[in-house]
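Here is the structure we will look at, set down as structure tokens.
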Number of protein chains: 2
Amino acid sequence: MKLAEARLTIVGLGLIGGSLAAGLHDRCAGLTGVDADPETLRLAQARGIVDQVDSDLRAGLAACDMAILAVPVGEILSILGRLGADLPTPRFVLDVGSTKSAIVSAMRDLPAEIEPMGGHPLCGKEASGLSAAEPDLFRDKAFVLTPLERSSDGVRLLAGEIIGAVGGRPFLLEAAAHDRILAATSHLPYLLAVTLVSSVAEIAASDPSAWDLTASGFRDSSRLAGSDIRMMMDILSTNATEIRKSIHIARDILEQLETALDKGDLTAIESRMRRARNYMEELRARQTAHTARSA
Amino acid sequence: MKLAEARLTIVGLGLIGGSLAAGLHDRCAGLTGVDADPETLRLAQARGIVDQVDSDLRAGLAACDMAILAVPVGEILSILGRLGADLPTPRFVLDVGSTKSAIVSAMRDLPAEIEPMGGHPLCGKEASGLSAAEPDLFRDKAFVLTPLERSSDGVRLLAGEIIGAVGGRPFLLEAAAHDRILAATSHLPYLLAVTLVSSVAEIAASDPSAWDLTASGFRDSSRLAGSDIRMMMDILSTNATEIRKSIHIARDILEQLETALDKGDLTAIESRMRRARNYMEELRARQTAHTARSA
């Protein structure tokens with residue numbers, strides 16, 4: 001089935017679901033938006049990014065070819081457990097949740113007639129919710145797909161077409177590798193931001209002006225501490241093992257830095273700093289190359 | 001002496017020194033720029049933000065009323081040690097270095113005829129160097145002053161007038177409190193960024209695609225790891241004690257998070273996350289209030 005022939009239902013019209021709706025609504029045979037929040041449904045209709053809306057999950061899934069699950073991981077798991085039971089049986093199911101092992105594992109148990117695919121577009125931004133959604137959110141960003149053995153050619157093609165339609169870069173990965181890597185590149189940055197804010201709070205307990213002396217460096221480094229708690233709790237609970245390993249690596253590095261400062265071994269610290277700066281420069285060069293290729 | 005009557009010499013035309021020159025050159029009786037880099041001197045003249053330039057520190061300081069030292073902390077300390085010896089004796093000296101205890105301590109030993117003042121404008125940005133300098137860099141930003149007992153009314157007034165001329169918010173603080181607070185709000189974020197990049201590098205050693213799976217959250221959280229190494233080394237070596245304490249606080253918090261994950265105690269983690277998010281919201285409200293007051 002081609003995207004142009006497919007009726008899509010997007011469950012959850014937040015930043016990701018709303019942006020998918022904005023990018024896909026005129027590329028498919030019909031797009032239904034499902035969200036628990038009536039105001040979000042009104043806004044989606046006002047922006048013209050959905051053909052119809054439904055506050056009821058069962059009704060919204062009733063007549064679609066593909067369900068795109070764009071809610072927090074815990075809710076995705078709950079919906080997967082109900083498909084084909086008290087919820088309808090869409091032919092294709094794609095999720096865009098932030099962790100993949102638990103979801104892919106739940107997808108293995110779906111009724112045989114469902115063709116599932118795990119996905120995760122890497123494109124968060126500071127603002128969340130439908131009001132921040134935009135069709136270009138995925139442009140030139142990695143859109144991870146974690147196919148299952150049972151994922152059909154049909155769902156692979158359709159997922160690829162969706163990524164192409166929103167301008168993303170498809171990135172195939174095992175669910176376990178996704179979770180191992182994202183523990184370091186995404187979940188650890190969040191916990192370090194929480195750690196930074198908590199550390200400044202400890203200093204501010206005796207020096208209240210600490211909060212007044214935060215500048216742009218602190219602002220960027222702490223931004224993720226403002227992330228949605230529900231979403232982050234679902235990530236922590238479904239990727240606890242890998243996140244623990246990442247925290248442990250970070251603690252080891254901080255301990256090395258503290259020990260080197262203790263011993264006045266500035267050379268060791270400088271060498272660590274230079275390596276980090278070199279990685280940053282390589283990464284920037286790599287990202288510039290990506291952008292140049294896609295321009 | 002009023003700013004309009006003062007001849008200023010700014011030593012170091014990087015981001016901060018260059019921005020001060022851009023904001024002050026038409027508010028004072030004459031502005032000399034000193035920098036070791038001939039290309040920087042040429043650019044400063046081309047931009048018209050200095051009346052004259054000098055690559056020689058002694059010549060540049062010869063006929064000024066106030067020297068503004070805008071070089072890395074180590075170089076500021078070296079210059080302070082030479083004023084009145086093999087360097088001239090400007091009447092007023094203001095520095096804008098990133099740590100204050102070592103500098104204020106060196107200022108105590110200046111020849112008696114010099115009127116010194118410690119300063120630190122909190123306004124870094126991603127880019128550095130004169131090409132990134134702009135007169136509005138300091139607008140609505142905290143500009144810390146750490147006066148010494150020996151700081152005269154004259155230098156206090158002049159420093160205040162300079163901050164007013166560039167639109168900053170003067171913030172009086174003891175040097176020790178500055179260093180204690182900035183260890184948490186500025187130096188720790190840098191080290192956490194280095195830690196994050198180093199952690200991803202460890203994961204990338206076995207999963208090379210890790211670098212491809214970094215998104216905007218990682219980019220913001222890691223940005224400071226690209227900071228100038230020389231500047232950061234000077235900060236680390238002149239604020240080692242307070243920075244060690246900050247690292248230790250951060251390590252404790254990470255250990256609590258790891259232990260809670262180990263024990264599956266998600267409630268403890270969620271409570272830590274909520275507190276951090278609340279601090280972020282309070283800080284944002286406070287900063288919005290600042291901006292509203294100054295509008």
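Proteins come first, then strands; the chains are lettered A, B, ... in the order of their sequence lines, and each starts at number 1.
Considering CG of A:L254 and CD1 of B:I249, their distance stands at 12.5 Å, rounded to 0.5 Å. In this structure, the separation between CG on B:N278 and CD1 on A:I229 is 8.0 Å, given to the nearest 0.5 Å. In this structure, the separation between CE on B:M233 and CD on A:E270 is 4.5 Å, given to the nearest 0.5 Å.
Between chain B and the options A:S206, A:S198, A:S246, the largest number of non-hydrogen pairs under 4.5 Å is found for A:S198. The greatest number of non-hydrogen atom pairs below 4.5 Å with chain B, out of A:L196, A:L173, A:L122, is found for A:L196. Of the residues considered (B:H178, B:R272, B:R275), B:R272 shows the highest number of contacts with chain A, using heavy-atom pairs under 4.5 Å. Interface remark: of the candidates A:R180, A:E281, A:Q256, A:R180 forms the most heavy-atom pairs closer than 4.5 Å to chain B. Options A:H120, A:K141, A:H248, A:M232 differ in how many heavy-atom pairs under 4.5 Å they form with chain B, and the most are formed by A:H248.
The side-chain heavy atoms of B:W211 and A:E282, taken from C-beta on, include no pair separated by under 4.5 Å. With contacts defined as side-chain heavy-atom distances shorter than 4.5 Å, the pair B:I203/A:K245 does not qualify. At a threshold of 4.5 Å between non-hydrogen side-chain atoms, the residues B:L192 and A:S221 do not count as touching. Residues A:I181 and B:V200 fail the side-chain proximity criterion, which asks for heavy atoms closer than 4.5 Å.
Taking a cutoff of 4.0 Å between a charged side-chain nitrogen and a carboxylate oxygen, A:D212 and B:R169 do not qualify as a salt bridge.
When atom types are taken as modelled, the side chain of B:T185 and the backbone of A:L213 share a donor-acceptor pair closer than 3.5 angstrom. Judged purely by atom type and a 3.5 angstrom limit, A:R277 uses its side chain to pair as donor or acceptor with the backbone of B:G226.
A pairwise comparison of heavy atoms in B:V197 and A:A276 identifies CG1-O, 3.7 Å as the closest pair.
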